[in-house]
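Structure first, commentary second.
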Amino acid sequence: MTKFTDFGLNASLLRAIGEAGYENTTPIQKQAIPAVLDGKDMIAIAQTGTGKTAAFSLPIIHRLLAGEGRRTPRGARALILAPTRELAIQIGENISSYIKHLHLKTTLVYGGASANQQIKSMAGGVDILIATPGRLLDLMTQKHIVLDTAEYLVLDEADRMLDMGFIRDIQKIIARLPVSRQTLLFSATMPASVEKLANSILRNPVRIEVTPAATTAEKVTQHVLMVAKEQKRALLAHVLKDESLRRVLIFTRTKHGANKVARQLNDLGVHSDVIHGNKSQNARQKALSNFRAGEIRALVATDIAARGIDVDDITHVINFELPNEPESYVHRIGRTARAGARGASLSFCDHEERAYLRDIEKSIRQPVPVFTDHPFHVEGMSAPAASTQEKPAAGRGNGRNGGKPRRPEANAGAPRNGDAARQKPRRRSGRGRRTQQAAA
Ligand code: AMP
């Protein structure tokens, strides 16, 4: 076990880390902290929940304290770029807790909130600026923020920033930073677009990979429930009868879909809320804090809105609709099983979504067992090629359990029937994948 005290970090920083309850490093911290302290550029494949925020911010804080640099008006010594306001806020909260015994200044700059306050908070300069690309570029263009003396740059969730179309903004921002900076890039996945960006902005980077997709997926007990599209609402009502689904994050592909599910939950009397791109910053924050506090049982979200949701103790992730990008599946189910806990995911798969399921299974390199013991199971709809079918235990007929929902995770043993796996998969057309993503 590597302890935070092994790195020779600043004593006040160590005190705050101790107060945050951290003692041993996570794998990414163990690798990243010494390399960043050494002044190296870094590319890290790591997902939320791995402790990546501390992995980059602790050594940067230490170096800011040890270095000669000083705050300059409208400037920042370290810039952390994040794809969403939610993630920026979370990073800000973490950093504020790490620097609470130090005289460092930090602030946030993101869209959807008044720019005036942000301009004011940047006037005297800060040590650490956490920002989303769009608003930052606006304020840089208006000369309210000047980053020509920045010493550190972190791109967090780079894959998602590119997915969201931020590449141009990011390039423009980086063009105004000094070349002699230290740059760290974090990404949950490493598609070619991220590699390309990394190659253009990192110098001899150390490469760290701590959570290949399969590893996260292994910590989550996953099941897929085959259901006709028009029965998904009834299935959702059915599974939510089980009270062990205590804190549930429900995903849809689109904002419209999220609203529909939220209305249904409301009709069912399930305390819930919804977050997506059309919700105001305040509404999103309120929904998140109610979810965190346990005041609402279910939170409905689209993929993009859910980025950076930092809520421990999510008992279940329900994919009301399967994502059309396998990476999103890993991101989604990774919201449960955080900080070493185990979690469960239930994916509702209709006929049309079977192709998505196949892509997902390829990506996570494992089949997702089919859970058949519910009243809406569609027998005729075979599992996709890679999938294995999980039969209900003896004496449990489909839907003949008196309407009492059964906990899928209780049945998570080895699949016993591979018949469906031998059926030929249908070909699919790849059309519409991007379009649906854009709608989220
Ligand atoms: P992150 O991956 O940065 O979103 O961190 C996930 C969660 O783990 C956050 O709530 C952190 O506060 C927490 N965390 C990070 N590092 C440690 C650690 N070494 N020990 C305990 N908790 C940690």
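Atoms within a ligand are numbered from 1 in the order they appear, just like the ligands themselves. Not measured: the values here are computed from a predicted model.
- Taking distance alone, with nitrogen or oxygen atoms compared against 3.5 Å, Thr25 stays at or beyond that limit from ligand 1.
- In terms of N/O distances under 3.5 Å, ligand 1 is approached by Thr53.
- Considering backbone and side-chain N/O atoms, Asn94 never comes within less than 3.5 Å of an N/O atom of ligand 1.
- Using a 3.5 Å distance cut-off with no hydrogens or angles, the side chains of His271 and Asn290 do not pair a donor with an acceptor.
- Ligand 1 lies nowhere less than 4.0 angstrom from a heavy atom belonging to Ile91.
- Of the options Asn24, Ile17, Thr2, the smallest heavy-atom separation from atom 19 (N) of ligand 1 is shown by Asn24.
- Of the candidates Phe4, Tyr22, Phe56, Tyr22 brings a heavy atom nearest to atom 22 (N) of ligand 1.
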Check the pair Phe56 / Asp156 against side-chain contact (heavy atoms from CB on, under 4.5 Å), numbers first and verdict last. CA-CA 9 Å; Phe56 62 74; Asp156 196 12; 3.9 Å; yes

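- When Ile45, Thr189, Leu185 are each tested for a side chain to side chain contact (heavy atoms under 4.5 Å, CB included) with Asp159, only one passes: Thr189.
- Closest approach of Phe291 and Arg247 over heavy atoms only: O-NH1, 3.2 Å.
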Would you please test Ile80 and Ile95 for side-chain contact (heavy atoms from CB on, under 4.5 Å) and show each step? CA-CA 11 Å; Ile80 299 165; Ile95 289 183; 3.5 Å; yes

